[in-house]
Amino acid sequence: MDHTIQNGFLTVTASDAGAQLQSIKSAGGTEYLWQGDPDIWSGKAPNLFPYIARLTDGTFSLNGNEYHMKIHGLIKYSTLVAETPGCQAETSAAQEPCMTFCLVSNEQTKEQYPFDFIYRITYALKGSSLVITNSVENTGASRMYFGVGGHPGFRVPMEEGLSFEDYYLEFDRPSHPYRVGFTDACFLTGEDRPYTLENDRRIPLHHDLFDHDAVVLKHAPKRVKIASDRGHRSVTVHYPDFAYVGFWHAIKKEALYVCVEPWTSLPSRDGIVEDLSCQSDLIGLDGGKTYTNTWTVTIEE
């Protein structure tokens, strides 16, 4: 089932299935979210929890036991409950249109991920921005380990008469990030390399940029814009509390979208079945505690 919120700037729709965004439209009716194509990428904006990207052999270990989980964790494959009234007081200001989706751990989740938790994601509108808050409550006694992330695809080009190659990704300040090293199967190699930005800020978009899968950066600024010097519409993603940002579209295809993916953690090392309690970039949350992380998508036109 789909649920919709709107204000004078945006209309946003999300589904119970994975709490995945289905549409981000401006007041003028322009669709900014990729609408999915089974021949290219059927996704639109998966939510990533409790693991980001791939596990070696789809497996991790914990306390001497092994567990199996698909790429990007549990939420992507789950049906969440739309809560009423739909907003968490701590994540959304009064009167802002918002909707919250919830997943409570159960027998099925514990077969893959042996923790008691409540996961919530709230979508709130604030002017021309969509504010996205992930909340994870550890309802068990033991320390739990996880990552969270986003994976929204944005339509490129955003205006008629422009091409994919007319656009770029631009950080809000100069920087010298590193590209995280991946194998062809997208596992960590441990060989991170400096990644050169045009004028220390910009990544020009071209389809072969993604021929070797995602470009994932660390030590990059926390705000990036998809824009074109030939157009006036843009999308800005701000992710202040994420350590990594990835950019992706389907490999070796002329796909007309680009994903901007804020991640708190990275996939498994090549050939290693990770022990979650030892993976240093995962969030560790003690029993009875709650973790929150907020990021925003802003539409300009």
Side-chain angles (χ1 to χ4, degrees), residues 1-25 33 36 43-52 69-70 72-141 144 146-152 237-242 262 264 283 285-298:
M1 181 177 177
D2 287 348
H3 305 263
T4 298
I5 53 175
Q6 62 182 25
N7 62 7
F9 301 90
L10 297 174
T11 299
V12 172
T13 300
S15 172
D16 292 344
Q20 184 171 189
L21 289 168
Q22 300 298 302
S23 176
I24 303 174
K25 284 186 178 179
L33 192 71
K44 296 180 181 178
N47 295 302
L48 317 182
F49 169 84
Y51 203 82
I52 294 170
M69 191 160 50
K70 295 179 181 178
H72 291 319
L74 300 171
I75 301 303
K76 179 180 176 181
Y77 312 98
S78 300
T79 299
L80 281 71
V81 174
E83 294 188 327
T84 302
C87 292
Q88 298 283 90
E90 66 270 21
T91 59
S92 300
Q95 307 305 314
E96 291 177 357
C98 58
M99 53 187 168
T100 297
F101 298 86
C102 176
L103 178 68
V104 179
S105 57
N106 53 56
E107 291 183 4
Q108 289 72 36
T109 65
K110 288 184 180 180
E111 289 177 0
Q112 304 172 67
Y113 181 67
F115 293 103
D116 295 304
F117 66 85
I118 301 174
Y119 169 91
R120 288 185 174 93
I121 184 166
T122 295
Y123 299 109
L125 296 180
K126 186 174 183 178
S128 60
S129 294
L130 171 62
V131 182
I132 304 164
T133 299
N134 289 281
S135 169
V136 180
E137 180 182 353
N138 182 352
T139 56
M144 64 183 287
F146 61 92
V148 295
H151 197 314
V237 183
H238 183 212
Y239 40 94
D241 297 317
F242 290 84
T264 60
I283 298 157
L285 186 66
D286 291 332
K289 301 295 185 179
T290 299
Y291 167 89
T292 60
N293 192 325
T294 296
W295 54 292
T296 61
V297 175
T298 300

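Hydrogens, waters and symmetry mates play no part in the numbers below; they use all other heavy atoms, side chains included.
- Side-chain atoms of Ser15 come within 3.5 Å of backbone N or O of Ala17 as a donor-acceptor pair.
- Atom CZ in Phe242 sits 8.5 Å away from atom OG1 in Thr294 (nearest 0.5 Å).
- Side chain of Thr264 to main chain of Gly147: no donor-acceptor pair is present (N/O by atom type, distance under 3.5 Å, no hydrogens or angles).
- Enclosure of atom NZ in Lys76 by more than 12 non-hydrogen atoms of other residues, nucleotides or ligands within 6.0 angstrom is indicated.
- Between Phe146 and Tyr113, the ring centre distance reaches or exceeds 6.0 Å.
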Would you sort out whether Met69 and Leu74 count as a side chain to side chain contact (heavy atoms under 4.5 Å, CB included), showing the intermediate values?
CA-CA 8 Å; Met69 191 160 50; Leu74 300 171; 4.0 Å; yes

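- Contact detail for Leu33 and Ala45: the closest heavy-atom pair is CD1-CB, 4.3 Å.
- Taking the ring centroids of His3 and Phe101, they lie under the 6.0 Å cut-off.
- Counting only heavy atoms from C-beta outward, the side chains of His151 and Leu48 approach each other to under 4.5 Å.
- Here the CD-NZ distance, from Glu107 to Lys110, works out to 8.5 Å after rounding to the nearest 0.5 Å.
- Without hydrogens or angle criteria, Thr139 side chain to Asp116 main chain gives a donor-acceptor distance under 3.5 Å.
- Nearest heavy-atom pair, Ala124 versus Glu96, reported as atom, atom and distance to 0.1 Å: CB-OE1, 4.2 Å.
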Stepwise side chain to side chain contact (heavy atoms under 4.5 Å, CB included) test for Val104 and Cys102:
CA-CA 7 Å; Val104 179; Cys102 176; 4.0 Å; yes

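- With rounding to the nearest 0.5 Å, the separation of OH in Tyr123 from CD1 in Ile132 is 6.0 Å.
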Test log, rule side chain to side chain contact (heavy atoms under 4.5 Å, CB included), inputs Gln6 and Lys25:
CA-CA 9 Å; Gln6 62 182 25; Lys25 284 186 178 179; over 6 Å; no

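- Of the possible donor and acceptor atoms, none in the side chain of Glu83 sits under 3.5 Å from a partner among the backbone N and O of Val81.
- When all heavy atoms are compared, the tightest approach of Gly150 to Trp295 is CA-CZ2, 3.9 Å.
- Of the possible donor and acceptor atoms, one in the side chain of Asn47 sits under 3.5 Å from a partner among the backbone N and O of Gly18.
- Considering only heavy atoms from C-beta on, Tyr119 stays 4.5 Å or farther from Thr109 through its side chain.
- For the 3.5 Å distance criterion, the side chains of Thr13 and Thr4 qualify, holding a donor opposite an acceptor.
- Screening Ile121, Ile283, Thr290, Val148 for a side-chain contact (heavy atoms from CB on, under 4.5 Å) with Val136, the sole residue that qualifies is Val148.
- Rounding to the nearest 0.5 Å places OG1 of Thr298 at 10.5 Å from NZ of Lys126.
- Taken to the nearest 0.5 Å, the CG atom of Leu103 stands 10.0 Å off from the CD1 atom of Ile118.
- Remark: side-chain polar atoms of Asn293 are paired, donor with acceptor, to backbone N or O of Asp241 under 3.5 angstrom.
- A distance of 4.5 Å separates CG of Asn7 from CG of Leu125, quoted to the nearest 0.5 Å.
- Shortest non-hydrogen contact noted between Ala14 and Ala19 is CB-O, 4.4 Å.
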